[in-house]
Amino acid sequence: MTERPRGNVETSADDLAIGASAMRWTGDGLVIDIEERDVRLGIPWRRRVCGQVKVYPEMLNATAFALDPMGKHIWHAIAPRAQIEVEMERPGISWRGSGYLDSNRGTESLEDGFRDWHWSRAHLGREVAVMYEGRRRDGSIFASALRFDSDGTPHDAELPMVAPLPNTWWQMERKSRADRGHAGVIKTWEDSPFYARSTLATRLYGEPVTAVQESLSLDRFRSPVVQWMLPYKMPRRSL
């Protein structure tokens, strides 16, 4: 996660390269090559981080959704369900499991369009349930529930009750949706001043599920203090 200037970006219909890292569509999956250097506060030398991630969609969805009335922000769950293979050379770790692939695009930055965002995904047999909601910058609220069938086709679903979750160590507010409004945090994977990602134990549409949940505060992200801290987490540099 390194920001680089325009000259370090190359793209085509099936390939995207940002600096030394790149991704390419091979026909049956997405291959992501990682070649970076880590960043540690107060330590000047940067260790190499390199490896490969392969994403094999189990379903593909062709429908994208506008998140605002003007269509300035588009969300697309490209592969609501996928298998992943991770093979890292440095550090030397590897695993396989379930994955998900989506994208956001738009004509303005996220922080100009939204104040906050909450999202979750869970497997329901061969289907996938995705919930997303938040507050736009103008104060209006959006909230939706989708169920993707085994072919990847999205269908509107009844929106479950709000399930409050405890704040993170950084006091990030987070919430999800669940039957009867009950969900528990199994583990918080990522905890930052403006973003959190967690695993939940909950029930959706009558089924016990393990869900992946994320909360994003764009109010916090755009604050001067967080903007000052960002280069320590995601450096800006050329090759």
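Once rounded to the nearest 0.5 Å, the distance linking CD of Glu35 with SG of Cys50 reads 5.0 Å. Atoms OG1 and CZ, from Thr153 and Arg147 in turn, are 14.0 Å apart once rounded to the nearest 0.5 Å. A distance of 9.5 Å separates NE2 of His73 from CG of Asn104, quoted to the nearest 0.5 Å. Note that CG of Leu16 is 9.5 Å distant from CD of Glu10, once rounded to the nearest 0.5 Å. The distance from atom CD of Glu158 to atom OH of Tyr205, rounded to the nearest 0.5 Å, is 7.0 Å. With rounding to the nearest 0.5 Å, the separation of OG1 in Thr26 from CG in Asp14 is 9.0 Å.
Just one residue in the list Trp119, Tyr56, Phe148 forms a ring-ring contact (aromatic ring centres under 6.0 Å, His included) with Tyr100, and that residue is Trp119.
Looking at Asp102 and Val130, their side chains never come closer than 4.5 Å, going by heavy atoms from C-beta outward. By the 4.5 Å heavy-atom criterion applied to side chains, Arg48 and Glu89 are counted as neighbours. Looking at Glu58 and Gln83, their side chains come closer than 4.5 Å, going by heavy atoms from C-beta outward. Between Leu101 and Pro57, the closest side-chain pair of non-hydrogen atoms is not below 4.5 Å. Side chains of Asp112 and Arg222 form a contact here, defined as non-hydrogen atoms less than 4.5 Å apart. Looking at Met172 and Ser217, their side chains come closer than 4.5 Å, going by heavy atoms from C-beta outward. Within the 4.5 Å cutoff, the side chain of Arg81 has heavy atoms near those of the His123 side chain. Residues Arg47 and Val49 form no side-chain contact, since every pair of their non-hydrogen atoms from C-beta on lies 4.5 Å or further apart.
Remark: Lys175 pairs with His118, Glu133, Val162 by the side chain to side chain contact (heavy atoms under 4.5 Å, CB included) rule, at least two apart or across chains. Taking the ring-ring contact (aromatic ring centres under 6.0 Å, His included) definition, one finds that Phe142 meets it with Phe114, Trp117, sequence neighbours left out.
One finds no salt bridge joining Glu173 and Arg115 here, because no Lys/Arg side-chain nitrogen approaches an Asp/Glu carboxylate oxygen to under 4.0 Å. Taking the charged nitrogens against the carboxylate oxygens, Arg174 and Glu214 have no contact shorter than 4.0 Å, which rules out a salt bridge.
Note on Ile78 and Trp25: same hydrophobic cluster, where clusters join Ile, Leu, Val, Met, Phe, Trp and Tyr whose side-chain heavy atoms are under 4.5 Å apart, directly or indirectly. Each of Val55 and Val31 belongs to its own hydrophobic cluster when Ile, Leu, Val, Met, Phe, Trp and Tyr are linked at side-chain heavy-atom distances under 4.5 angstrom. Cluster annotation: Leu146 is connected to Met59 through the hydrophobic network of ILVMFWY side chains, with a link wherever side-chain heavy atoms come within less than 4.5 Å. Hydrophobic clustering keeps Leu200 apart from Val212 (ILVMFWY residues linked when any side-chain heavy atoms are closer than 4.5 Å, directly or through intermediates). Leu218 is connected to Trp75 through a chain of hydrophobic side-chain contacts under 4.5 Å among Ile, Leu, Val, Met, Phe, Trp and Tyr, so both are in one cluster.
Donor-acceptor pairing under 3.5 Å is recorded for the side chains of Asp33 and Gln52. Side chains of Thr199 and Trp189: a donor-acceptor N/O pair is present below 3.5 angstrom, by distance only.
Residue Arg46 qualifies as enclosed at atom CZ: its count of foreign heavy atoms under 6.0 Å is above 12. Environment of CZ in Arg180: sparse, with no more than 12 heavy atoms of neighbouring residues, nucleotides or ligands closer than 6.0 Å.
Panel note: side chain Ser21, backbone Ile18; no donor-acceptor pair is recorded below 3.5 Å. A distance-only check finds a donor-acceptor pair linking the side chain of Arg137 to the backbone of Glu111 [under 3.5 Å]. Side-chain atoms of His182 never come within 3.5 Å of backbone atoms of Arg203 as a donor-acceptor pair (strictly under, hydrogens ignored).
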Open item on the list: Evaluate Ser140 against Asp138 for side chain to side chain donor-acceptor pair (under 3.5 Å), listing each step before the verdict.
Closed with: CA-CA 6 Å; Ser140 61; Asp138 63 8; 2.7 Å; yes
